[in-house]
Amino acid sequence: MRIATWNVNSLKVRLERVQDWLLYAQPDVLCLQETKIADKDFPFLSFLEMGYESVHHGTGRYNGVAILSRVGLKDVQVGFPSHIINDDDEYKTSIQECRIISANCAGIEVSSIYVPNGRSISSQHYQAKLAWLKTLHDYINDSFSAQDQIAICGDFNIAPQDKDVWDPALFIGATHVSEPERQALQNLQNWGLHDGFRKCYSQENLFSWWDYRAGNFHKHHGMRIDLILLSNNLIEKVNFSLIDRNQRKGKLPSDHAPVFVDIQL
DNA sequence: ATGGTTGAGAATCAA
């Protein structure tokens, strides 16, 4: 079972690239983020033609998440369940943005998530990011048990460790590396969800995102913020993982590369 | 140089 995740930064611009990659990488499940299109414009039929069922949660312009699967797709949950969200939550609006969709694919509980960026530590957007991450934890804790097979895939907008950042000194006091964000990730790990990529690699400077600006990709200035978190019963069966950085190259790339894990079921 | 680039969508906003 190959499970992949890719922030495509507009599916309209990236559709042909995504289709090419499906043929090339042959994932069984592909989670997409930042589709930036509305449900009515999502190319369900194009993916179905290629053997992939799909579900999408988006309103256009911002955000937008999807799951594609060629091994089945059922029990779809669009957004967070309403009972997880507090009516008086200060950040309710952010929590209800199109940033999560979940489904059961061949017995695995798959979520495609796009964690808020946070912009800067001093901003309300950062507080909304922390609130969103808390809601994610609540959702997982409420919906799943440690015995379930779970894959939480997506753009976390968090670099788990300093070795996941090209120059940690530059990011002191910045989002993506702050202690509260990393603690939120640690809380998921404590719950029983583990970084699939790190099962296979311990090296530093292996990135999944590079800013479009200043030739950062060519200078190897990136971060690893696209993660696949797996339950214990899946992480022990991981036998391969890869960030396909070739997809950051060439004409019209996303600023993120796809990441996948292979699980020997 | 409060810089650099991309996408959505029509002037900025978000990343």
Side-chain angles (χ1 to χ4, degrees), chain A residues 5-21 31-43 56-66 91-100 112-133 136 153-160 164-178 180-182 184-185 207-227 243-259:
Chain A
T5 185
W6 196 359
N7 179 322
V8 291
N9 187 20
S10 168
L11 187 57
K12 277 178 192 161
V13 175
R14 232 65 69 191
L15 180 57
E16 193 178 335
R17 193 180 265 269
V18 169
Q19 290 173 320
D20 288 349
W21 195 74
C31 297
L32 301 176
Q33 301 87 36
E34 280 206 272
T35 59
K36 294 183 172 177
I37 59 177
D39 290 336
K40 67 176 175 60
D41 298 320
F42 189 83
H56 179 254
H57 180 34
T59 54
R61 184 146 200 193
Y62 301 121
N63 313 315
V65 286
Y91 302 102
K92 187 177 174 185
T93 307
S94 303
I95 289 165
Q96 290 179 318
E97 288 173 342
C98 302
R99 296 181 178 277
I100 180 167
S112 177
I113 72 164
Y114 175 45
V115 178
N117 174 288
R119 303 193 197 180
S120 67
I121 299 285
S122 59
S123 78
Q124 286 297 98
H125 298 281
Y126 176 73
Q127 296 305 322
K129 180 181 194 174
L130 297 179
W132 196 95
L133 286 163
L136 176 65
C153 315
D155 178 358
F156 281 69
N157 272 315
I158 303 169
D164 298 309
V165 180
W166 66 273
D167 185 354
L170 273 182
F171 287 86
I172 292 170
T175 60
H176 295 62
V177 302
S178 75
E181 292 166 80
R182 284 178 169 170
L185 197 54
F207 306 134
S208 65
W209 169 84
W210 303 259
D211 199 310
Y212 284 123
R213 293 168 286 189
N216 274 9
F217 178 67
H218 307 284
K219 291 188 274 190
H220 304 290
H221 292 177
M223 301 176 98
R224 192 176 67 90
I225 58 178
D226 299 275
L227 310 176
I243 298 171
D244 187 0
R245 65 188 298 284
N246 284 328
Q247 288 304 321
R248 185 59 178 76
K249 302 177 182 176
K251 191 166 174 256
L252 290 177
S254 169
D255 45 355
H256 296 251
V259 184

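Not measured: the values here are computed from a predicted model. Below, read A as the first sequence line, B as the second, and so on, with proteins coming before strands; counting in each chain starts at 1.
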Go nucleotide by nucleotide along DNA chain B from the 5' end; which of G60(A) and N117(A) gets its closest nucleotide reached first?
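Result: G60(A).
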
Between N7(A) and G215(A), who's closer to the 5' end of DNA chain B by nearest nucleotide?
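Result: G215(A).
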
Do T35(A) and H57(A) make a side-chain contact, defined as non-hydrogen atoms from C-beta onward lying under 4.5 Å apart?
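The answer is no; the side chains never approach within 4.5 Å.
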
[X] has an atom [atom1]; how far is it from atom [atom2] of [N], in whole Å?
| X | N | atom1 | atom2 | value |
| --- | --- | --- | --- | --- |
| N9(A) | dA8(B) | CG | P | 7 Å |
| H125(A) | dC13(B) | NE2 | P | 11 Å |
| D255(A) | dG7(B) | CG | P | 9 Å |
| K12(A) | dA8(B) | NZ | P | 7 Å |
| Y62(A) | dG9(B) | OH | C1' | 9 Å |
| Q124(A) | dA14(B) | CD | P | 14 Å |
| K36(A) | dA14(B) | NZ | P | 12 Å |
| N216(A) | dG3(B) | CG | P | 16 Å |

At less than 4.0 Å, is any side-chain N or O atom of R213(A) found next to OP1 or OP2 of dA15(B)? Yes or no.
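False: R213(A) side-chain N/O out of range (4.0 Å or more) of dA15(B) OP1/OP2.
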
Taking only side-chain N and O atoms of R119(A), does any of them lie within less than 4.0 angstrom of OP1 or OP2 on dA15(B)?
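Answer yes for this pair, as a side-chain N or O of R119(A) is under 4.0 Å from OP1 or OP2.
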
Hey, what's the ring geometry for F217(A) with W210(A), parallel, tilted or perpendicular (30° and 60° as the breaks)?
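Taking W210(A) first and then F217(A), their aromatic rings stand perpendicular (interplane angle over 60°).
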
Categorize F217(A) for me: base, sugar-phosphate, or nothing, with a 4.0 angstrom heavy-atom threshold over every strand shown.
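It contacts nothing in the nucleic acid.
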
Do R224(A)'s NZ or CZ and the ring of F207(A) fall within the cation-pi criteria of under 6.0 Å and 45°?
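No cation-pi geometry.
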
Atom [atom1], compared across [N] and [M]: separation rounded to whole Å:
| N | M | atom1 | result |
| --- | --- | --- | --- |
| dG9(B) | dT5(B) | P | 23 Å |
| dA14(B) | dA10(B) | C1' | 16 Å |
| dA1(B) | dA11(B) | C1' | 23 Å |
| dG3(B) | dA8(B) | P | 23 Å |

Judged by atom type as modelled, is there a donor-acceptor pair below 3.5 Å linking the side chain of R17(A) to the main-chain atoms of Q247(A)?
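Yes.
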
Quick check: closest heavy atoms across A66(A) and S112(A), and the distance to 0.1 Å?
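For A66(A) and S112(A), the tightest heavy-atom pair comes out as O-OG, 3.1 Å.
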
